[in-house]
Amino acid sequence: MPGTRGAVPVPVTTNSSHPHDLTREILSLLDTRPQLQTADDLPDASQAEVKAALDRLASRQMIQYNTRDSENIVLTEEGQTICDEGSHEYKVWEAVKRKGRIGLKELPVGAESAKIGQGNAFKLKWIKKDGDTLVPVANEVEDKTRQSLLEINEKRSLENTITLKEFIKRKLAKTNKVITYDVQKGSRYAKEIPVEVTDLTADMLASGEWKTANFKPYNFEALGAPQNSGALHPLNKVRSELRQIFFNLGFVEMPTSRYVESGFWNFDALFVPQQHPARDTQDTFFISDPPSADPPRPDPPAEAAMDIMEAPSKRLYASASSTSTPSAPSKSEDTRDYEQYLSSIRAVHESGAFGSIGYRYPWSRSECLRLVLRTHTTAVSTWALHRLASQPRPARYFSIDRVFRNETVDATHLAEFHQVEGVIADFGLTLGGLMRFLEDFFANLGITGLRFKPAYNPYTEPSMEVFGYHAGLGKWVEIGNSGMFRPEMLEPMGLPPDLRVYGFGLSLERPTMIKYKVSNIRDLLGHKVDLGFIETNAAVRLEKN
């Protein structure tokens, strides 16, 4: 019948190599007596086999049993050899007695017995040295070592505890834990295990058979099959920490769903000249199909996502509008003119504008619209700041997502990695304030003692690189870049001249390497990552403050 099972035997192989059913044997023995003792009644079965059979019967309430733990003394291989052939000292004495006189190197007892036996025979005064030979001293001896080992072999114990400790120290004997069971009949004892029903079927319900069926009981103590559960990647854990830090500091997350950007948002709007080395194929991945993008235009999906993310801060800004900074113009609707923005970008590059002399080169519209895999999430920040120009006000934005660069892969560089991007727009900002902000920001991650180095970026001035000490590599590692966005980037957007903006792009991988003591970035991200490293990292990382 489907959904049923009969007796589940525990097969045991005896000395005669014929398997038999241990569960059936236990039930047969209890049929003729009230109790059995497994060590005496089932001497050929191993403890594991006996335990499996007893548990199988006890789960059906056919038997009940008690466990008894004890220790036995058993002989090692060397101890058993002494039992069979005599102790080392006895072998030496016997060989000397038989010859009457024998050379030190002529003992016919093996090197091990000769080495140990001579010393013990000298102590017992059975033999002595006479020049280079051995001669007997005692005419008759009693091999007490062998006698004690024979007693252990027979009784599994030894009354003389001092001698026993000596045997264990000499590795002639050892203690074994012995588990035996006292077994009695249970409340549902039977000589045969009855057929058990494992499934409750519709037919059984319809016929009423379920009322008398013998259902197999659930074993709630049985271990379930191990589950291959998911594990949190260290990068995701640090990313979550960073997001929480940003949220705690009042930042709004920017939408970063576009991995492919136009050169306009990725380079030109950031005041990166079209001849800049970063725009070469050895540094940037360009898209071949399609090769170019539309001119800058509205992006409804990104706008909708940003509206949702920015709604709380907009409400806060609206409630404080009565005391807002006078320099911030009041705008109630989106007044962005994308064509004018493109013209302003061209002017600031080609001939100079907004007080700048520009780069003074022939600017190419086709180069501006080439499609690239974004090299930094600053492209998203540029879009967000241009959006902010329709309602200028203090704002804080951040993003954490993947970026792509045509890098040579080594211990600290990958062609694909994560960038932690943030911008702070406000009035009266200074470079010292940015340094203090970055120190406080990384202190929240447990990374202190930062170092700053002056740097050059086309879109920030002044600019500085951020370094953190990597204990695993034993050196300072660059973990970010930062600066104050140039007027050539901000004013073409329509932002007021006195609204200043911090920009900082931080690595996600390198702080994670520092926190998890990873020396090679390829062990953290990519096809060479050891999944065991991911699975063994705890979901929560505890750190000392």
Side-chain angles (χ1 to χ4, degrees), residues 242-243 245-256 258 261 264-272 299 302-303 305-307 309-310 312-314 316-317 325 327-328 336 341 345 374-401 403 418-442 444 455 457-466 479-508:
L242 286 167
R243 289 182 77 239
I245 292 170
F246 275 120
F247 288 139
N248 290 343
L249 295 173
F251 280 73
V252 173
E253 190 166 18
M254 296 180 285
T256 56
R258 293 193 307 273
E261 286 281 7
F264 175 82
W265 292 112
N266 199 81
F267 295 120
D268 292 80
L270 284 163
F271 199 53
V272 178
D299 186 348
E303 295 286 348
M306 194 68 172
D307 284 339
M309 295 175 180
E310 204 173 17
S313 67
K314 278 191 173 182
L316 179 64
Y317 167 66
T325 306
S327 301
R336 282 174 286 177
Y341 186 27
I345 292 297
R374 67 181 179 209
T375 60
H376 48 193
T377 51
T378 314
V380 182
S381 301
T382 308
W383 174 85
L385 289 172
H386 180 239
R387 184 177 186 274
L388 181 68
S390 63
Q391 290 182 307
R393 66 189 185 281
R396 294 186 173 197
Y397 299 125
F398 84 95
S399 65
I400 306 173
D401 212 332
V403 296
H418 293 79
Q419 181 174 336
V420 182
E421 171 82 15
V423 295
I424 299 176
D426 209 335
F427 301 90
L429 297 180
T430 64
L431 185 67
L434 175 58
M435 295 172 70
R436 178 57 187 267
F437 170 81
L438 291 173
E439 288 175 343
D440 293 343
F441 179 84
F442 275 103
N444 281 292
N457 293 314
Y459 42 89
T460 57
E461 179 59 36
S463 309
M464 57 187 180
E465 294 172 342
V466 186
I479 55 176
N481 205 332
S482 63
M484 301 184 70
F485 283 127
R486 296 177 66 100
E488 290 94 335
M489 173 187 163
L490 300 177
E491 292 190 32
M493 298 175 177
L495 289 170
D498 55 347
L499 182 68
R500 298 178 181 178
V501 181
Y502 292 151
F504 50 96
L506 315 173
S507 166
L508 176 62

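Here the structure is a predicted model, which means the values were calculated and not measured. Counting begins at 1 with the first residue of the sequence.
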A.B. asks: Should Asp401 and Arg374 count as an ion pair when the cut-off is N to O under 4.0 Å?
C.D. replies: yes
A.B. asks: Can you check whether Thr375 reaches Phe267 side chain to side chain, under 4.5 Å on heavy atoms?
C.D. replies: yes
A.B. asks: Check step by step if side-chain contact (heavy atoms from CB on, under 4.5 Å) holds for Leu490 and Arg500.
C.D. replies: CA-CA 8 Å; Leu490 300 177; Arg500 298 178 181 178; 5.8 Å; no
A.B. asks: Would a 4.5 Å heavy-atom cut-off, applied to side chains only, mark Met493 and Arg336 as touching?
C.D. replies: no
A.B. asks: Would you say the side chain of Leu270 lies within less than 4.5 Å of the side chain of Pro458, judging by non-hydrogen atoms?
C.D. replies: no
A.B. asks: Short question: side chain of Tyr502, backbone of Met484 - any donor-acceptor pair under 3.5 Å?
C.D. replies: no
A.B. asks: Does any non-hydrogen side-chain atom of Leu434 lie less than 4.5 Å from one of Ser482?
C.D. replies: yes
A.B. asks: Work out which heavy atom in Met306 is nearest to a heavy atom in Pro255; give both atom names and the distance.
C.D. replies: SD-CD, 3.5 Å
A.B. asks: Using the six-membered ring wherever Trp is involved, compare the ring planes of Tyr341 and Trp265 and label them parallel, tilted or perpendicular (cut-offs 30° and 60°).
C.D. replies: tilted
A.B. asks: Using 30° and 60° as the class limits, which term best fits the ring planes of Phe485 and Tyr459: parallel, tilted or perpendicular?
C.D. replies: tilted
A.B. asks: Grab the two heavy atoms, one from Gly505 and one from Gln419, that are nearest each other, plus how far apart they are.
C.D. replies: CA-NE2, 3.7 Å
A.B. asks: Between atom OG1 of Thr382 and atom CG of Asn266, what is the distance when rounded to the nearest 0.5 Å?
C.D. replies: 8.5 Å
A.B. asks: Going by distance alone, is a donor N or O of one side chain under 3.5 Å from an acceptor N or O of the other, for Thr378 and Glu421?
C.D. replies: yes
A.B. asks: Taking atom types as modelled, is there a side-chain donor on Ser463 or Asn481 under 3.5 Å from an acceptor on the other?
C.D. replies: no
A.B. asks: Mind checking the CH2-OH spacing from Trp383 to Tyr397? Nearest 0.5 Å is all I need.
C.D. replies: 9.0 Å
A.B. asks: For Pro392 and Pro496, work out which heavy atoms get closest and say how close.
C.D. replies: CB-CD, 3.7 Å
A.B. asks: Taking the side chain as everything from C-beta on, heavy atoms only, tell me whether Leu385 gets closer than 4.5 Å to Met489.
C.D. replies: yes
A.B. asks: Kindly give the heavy-atom pair with the smallest separation between Leu495 and Ala389, and that separation in Å.
C.D. replies: CD2-CA, 3.6 Å
A.B. asks: Supply the atom-to-atom distance Arg243 CZ to Phe251 CZ, rounded to the nearest 0.5 angstrom.
C.D. replies: 14.0 Å
A.B. asks: Please test His418 against Ser507 for side-chain contact (heavy atoms from CB on, under 4.5 Å), starting from the C-alpha separation and ending with a verdict.
C.D. replies: CA-CA 6 Å; His418 293 79; Ser507 166; over 6 Å; no
A.B. asks: So, for Thr256 and Ser399, which heavy atoms are closest and what is the spacing to 0.1 Å?
C.D. replies: CG2-CB, 3.3 Å
A.B. asks: Between Arg396 and Glu310, is a salt bridge (charged side-chain N to carboxylate O under 4.0 Å, His left out) present by the stated rule, with each step listed?
C.D. replies: CA-CA 10 Å; Arg396 294 186 173 197; Glu310 204 173 17; over 6 Å; no
A.B. asks: Under a 4.5 Å cut-off applied to non-hydrogen side-chain atoms, are Ile245 and Leu249 in contact?
C.D. replies: yes
A.B. asks: Quick one: do Val420 and Phe246 satisfy side-chain contact (heavy atoms from CB on, under 4.5 Å)? Show the steps, please.
C.D. replies: CA-CA 10 Å; Val420 182; Phe246 275 120; 3.4 Å; yes
A.B. asks: What is the ring orientation for Phe441 with Phe504, classed by angle as parallel under 30°, tilted 30 to 60°, or perpendicular over 60°?
C.D. replies: tilted
A.B. asks: When you look at Arg436 and Asp440, which way does the side-chain contact (heavy atoms from CB on, under 4.5 Å) test go after all the steps?
C.D. replies: CA-CA 6 Å; Arg436 178 57 187 267; Asp440 293 343; 3.2 Å; yes
A.B. asks: Hey, is Arg387 close enough to Asp307 for a salt bridge, meaning N to O under 4.0 Å?
C.D. replies: yes
A.B. asks: Heavy-atom distance under 4.5 Å between the side chains of Glu491 and Glu488, does that happen here?
C.D. replies: no
A.B. asks: To the nearest 0.5 angstrom, please state how far the CG atom of Leu508 sits from the CD1 atom of Ile479.
C.D. replies: 11.5 Å
A.B. asks: Mind listing the closest non-hydrogen atom pair of Val403 and Thr377 along with its distance?
C.D. replies: CG1-N, 3.5 Å
A.B. asks: How long is the straight-line distance from CG of Leu242 back to CG of Asn444, given to the nearest 0.5 Å?
C.D. replies: 9.5 Å
